[in-house]
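The block underneath contains the structure these notes are about, expressed in structure tokens.
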Amino acid sequence: MLDIKFIRENSDKVREAIKQKRDHADLDKLLKLDEERRALVQKADNLKAERNRVSDQIATLKKSGQDASEDILKMRDVSEQIKQLDEGLRSAESGIHEIQMQIPNIPHESVPIGTSERDNVLVREWGKKPTFDFEPRAHWDLGPELEVVDFERASRLSGSNFVSFSGAGATLVRSLINFMIDLHVRKHGYKEVWVPIILRREMMEGTGQLPKLEEDMYRIEKDDLFMIPTAEVPITNLHRDEIFDVEKLPIKYTGYTPCFRREAGSYGADTRGLMRIHQFDKVEMVKFVRAETSYDELELLVQNAEEILQIFNLPYRVMTLATGDLSFAAAKCYDIEVYAPGIDRWLEVSSCSNFEDFQARRMNIRYRPDKSAKPQFVHTLNGSGLALPRLLIALIETYQTAEGTIIIPEPLRPYVGLDVIK
RNA sequence: GGAGAGGUGGCCGAGUCGGCUGAAGGCACAGGUUUGCUAAACCUGCGUAGGGGCAACUCUACCGAGGGUUCGAAUCCCUCCCUCUCCGCCA
């Protein structure tokens, strides 16, 4: 959420951001309601001041045993007027809030302008694409053949685009989760958290998934609860309504959760195999930082995610998302795409975003820059570190052999307890 | 699921029969005085948001959230949320 004052004073910037993000929040209506609101506030406040004054008089009169019925009668009328003004105020305010919640964050000045993912800019590429002396195969053939990935049975349980892992496949999933969390905790200094994965609507609004993405989420209607699409939501909302001492920052969390996405409307492209499934595992990193440091922290965050791919020696590239591809709440975002040789594709395994104070304002998470300073909003960041299914694709397809077996990368072997899946 | 208790400022905590309580008191914090240093003591200040004024300042709202009663609500009524205790049920 953007500050209403900022919106008022920078309406051209906001208008531009809405356009760049290909959004359509009704800024003009917001500005009009805001003006209306301020006029109403003034009228109501004046009447309230009068009411307070006279009410005190009434109290004094009554205490001294005098008659106050004339004033009471007068105030009855004033109160009625106040009630009506307050009603108008309420409706203006709820209109403002509704639109305000729909206005996207403003892209950082370093973000490339563009309308779609084709305008994303390559930041760096790491590693070399592997070469094979045989035709590398797709994970959706290798996995089922080795009986470690099972699409058919999972679909029977839950429908298409659900998956089941078995044997070494299941072990590999569990091992990757542990491996990544251990790395972030032991080497990168994150604190591990374990959080609920079914949350109230408010939390989804806090991080900005709602109101835009309701169609993309699984919802438990009876309780009006949502299954999380990413651990970003519970972890960032952990500190709702809190004020941090500045020495506590930056706060860095990492956690594993399953994630649930309906992927409504995405049928057709890129849904085969493990590329886009409704339930998947992800290790997430979340940071709460001081405003001045958030862009440095973003760079560190991306590096922390990249390191996993480096350890597994998987080639990848880092992209800066263009304005049109940037998510609603983000000011800047890097995507990390790992190379999958079997299907010859770059696959997004991580999005690392700086939300500046956009989410913090919605969740009311602040810090005191100085002991005696006023609280101000923290900046929040998050990034996948990493999402499992596409990492698995890359591992399976990169480490496959001519015999159709899969070699376990050295660093994972202590976790998996195997050298090769055959 | 049933019964009860409670939710007040950064934290703890008091608020009588509704009326100088935006909220006593304490802690923490900031500035100052005293002091050989430290400690202690003392004084002053210290919530958030929104209006108006160049400014000193002033007005309004906020005591879990939202409604209601009333001239007037932290205090009374209703709904919801949360926390705690006991009982029931159950991994």
Side-chain angles (χ1 to χ4, degrees), chain A residues 1-9 30-101 194-206 210 220-226 234 237-249 251 258 288 290 357 360-378:
Chain A
M1 188 164 68
L2 297 175
D3 185 12
I4 185 71
K5 206 185 272 174
F6 177 87
I7 297 174
R8 195 185 298 143
E9 289 163 6
L30 176 71
L31 293 171
K32 197 178 131 250
L33 284 171
D34 181 49
E35 245 175 80
E36 245 174 75
R37 188 194 124 262
R38 290 203 286 168
L40 286 169
V41 163
Q42 238 181 79
K43 272 191 215 160
D45 277 5
N46 286 339
L47 287 177
K48 282 174 185 173
E50 190 191 346
R51 181 177 70 184
N52 288 345
R53 219 168 24 241
V54 177
S55 283
D56 278 353
Q57 278 173 29
I58 292 171
T60 327
L61 283 175
K62 281 203 163 178
K63 232 174 242 167
S64 61
Q66 287 174 272
D67 178 52
S69 52
E70 197 180 314
D71 283 337
I72 289 177
L73 221 60
K74 217 162 62 190
M75 285 309 102
R76 198 172 284 173
D77 192 51
V78 170
S79 273
E80 187 51 41
Q81 286 180 56
I82 290 174
K83 207 171 171 180
Q84 275 170 25
L85 287 170
D86 273 347
E87 217 160 283
L89 205 55
R90 249 198 311 271
S91 90
E93 267 165 359
S94 80
I96 287 168
H97 183 74
E98 197 181 315
I99 299 174
Q100 203 178 355
M101 289 293 279
W194 188 97
V195 289
I197 58 174
I198 300 175
L199 307 182
R200 293 218 173 88
R201 165 173 238 107
E202 265 181 284
M203 309 306 146
M204 298 294 167
E205 288 167 352
L210 290 180
I220 297 160
E221 212 166 324
K222 193 174 175 191
D223 305 293
D224 198 23
L225 295 173
F226 294 82
N237 275 283
L238 277 176
H239 289 296
R240 247 168 193 274
D241 294 317
E242 291 187 29
I243 301 176
F244 297 120
D245 290 334
V246 70
E247 313 84 75
K248 286 209 160 176
L249 301 178
I251 292 171
F288 304 84
R290 282 161 39 222
D357 64 4
R361 184 170 289 110
R362 288 175 168 225
M363 292 177 288
N364 193 26
I365 304 178
R366 296 172 294 172
Y367 72 105
R368 280 185 208 283
D370 282 299
K371 284 284 180 205
S372 55
K374 284 194 172 190
Q376 76 178 69
F377 292 112
V378 298

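Atoms considered below: every heavy atom in the structure, side chains included; atoms not considered: hydrogens, waters and symmetry mates. Each chain gets a letter, A, B and so on, in the order its sequence line appears, and its residues count up from 1.
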Separation of atom [atom1] in [X] from atom [atom2] in [N], rounded to whole Å:
{"X": "A:Leu89", "N": "B:C62", "atom1": "CG", "atom2": "P", "answer": "12 Å"}
{"X": "A:His97", "N": "B:G50", "atom1": "NE2", "atom2": "P", "answer": "15 Å"}
{"X": "A:Gln57", "N": "B:C20", "atom1": "CD", "atom2": "P", "answer": "15 Å"}
{"X": "A:Glu9", "N": "B:G50", "atom1": "CD", "atom2": "P", "answer": "11 Å"}
{"X": "A:Arg8", "N": "B:G51", "atom1": "CZ", "atom2": "C1'", "answer": "10 Å"}
{"X": "A:Gln84", "N": "B:G68", "atom1": "CD", "atom2": "C1'", "answer": "17 Å"}
{"X": "A:Arg37", "N": "B:A61", "atom1": "CZ", "atom2": "P", "answer": "15 Å"}
{"X": "A:Phe377", "N": "B:A49", "atom1": "CZ", "atom2": "C1'", "answer": "10 Å"}

Mind listing the N/O atom pairs, protein and nucleotides 79-82 of chain B, below 3.5 Å?
| unit_1 | atom_1 | unit_2 | atom_2 | d |
| --- | --- | --- | --- | --- |
| B:C81 | O3' | A:Arg200 | NH2 | 2.9 |
| B:C82 | OP1 | A:Arg200 | NH2 | 2.1 |

If only atom types and distance count, is the side chain of A:Arg361 paired as donor or acceptor with the main-chain N or O of A:Met1 below 3.5 Å?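 Yes, the answer is positive, given that a donor and an acceptor are paired below the 3.5 Å cut-off.
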Once salt bridge (Lys or Arg N to Asp or Glu O under 4.0 Å) is applied, what residue pairs with a partner in residues 69-82 of chain A remain, sequence neighbours excluded?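 Non-adjacent pairs meeting salt bridge (Lys or Arg N to Asp or Glu O under 4.0 Å): A:Asp71-A:Lys74.
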Give every residue pair that meets the salt bridge (Lys or Arg N to Asp or Glu O under 4.0 Å) criterion with at least one member in residues 81-91 of chain A, sequence neighbours excluded.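 As it turns out, the salt bridge (Lys or Arg N to Asp or Glu O under 4.0 Å) pairs with a partner in residues 81-91 of chain A, which skip direct neighbours, are A:Lys48-A:Asp86.
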With sequence neighbours left out, write down each residue that passes side chain to side chain donor-acceptor pair (under 3.5 Å) with [X], or none if nothing qualifies.
{"X": "A:Arg8", "result": "A:Asp34"}
{"X": "A:Gln66", "result": "A:Ser64"}
{"X": "A:Arg290", "result": "A:Glu292"}

Report the residue (A:Glu50 or A:Arg366) whose heavy-atom-nearest nucleotide on RNA chain B is the more 5′ of the two.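 Final value for this comparison: A:Arg366.
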Who is the Watson-Crick or G-U wobble partner of [N], with both distances under 3.5 Å?
{"N": "B:U16", "answer": "none"}
{"N": "B:A55", "answer": "none"}
{"N": "B:G66", "answer": "B:C78"}
{"N": "B:U35", "answer": "none"}
{"N": "B:C29", "answer": "B:G45"}
{"N": "B:U85", "answer": "B:A3"}

Measuring to OP1 and OP2 of B:U69, would you say a side-chain N or O of A:Lys83 lies under 4.0 angstrom away?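 Yes, A:Lys83 has a side-chain N/O under 4.0 Å of OP1/OP2 on B:U69.
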Run the salt bridge (Lys or Arg N to Asp or Glu O under 4.0 Å) test against [X] and tell me which residues pass, sequence neighbours left out.
{"X": "A:Arg366", "value": "none"}
{"X": "A:Glu205", "value": "none"}
{"X": "A:Arg240", "value": "A:Glu202"}
{"X": "A:Asp224", "value": "A:Arg201, A:Arg219"}

Taking all atoms of both residues into account, what is the closest heavy-atom pair of A:Phe377 and A:Tyr367, and its distance?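 Where A:Phe377 meets A:Tyr367 most closely, the heavy atoms are O-CE2, 3.5 Å.
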Just by protein heavy atoms under 4.0 Å, how would nucleotides 70-78 of chain B read 5' to 3' in B, S and -? -BS------
As a quick check of understanding, evaluate side-chain contact (heavy atoms from CB on, under 4.5 Å) for A:Asp45 and A:Gln42, giving each step before the final call. CA-CA 5 Å; A:Asp45 277 5; A:Gln42 238 181 79; 6.0 Å; no
Produce the list of close N/O pairs, under 3.5 Å, pairing protein atoms with atoms of nucleotides 63-67 of chain B; give distances to one decimal.
| unit_1 | atom_1 | unit_2 | atom_2 | d |
| --- | --- | --- | --- | --- |
| B:G67 | OP1 | A:Arg90 | NE | 3.4 |
| B:G67 | OP1 | A:Arg90 | NH1 | 3.1 |

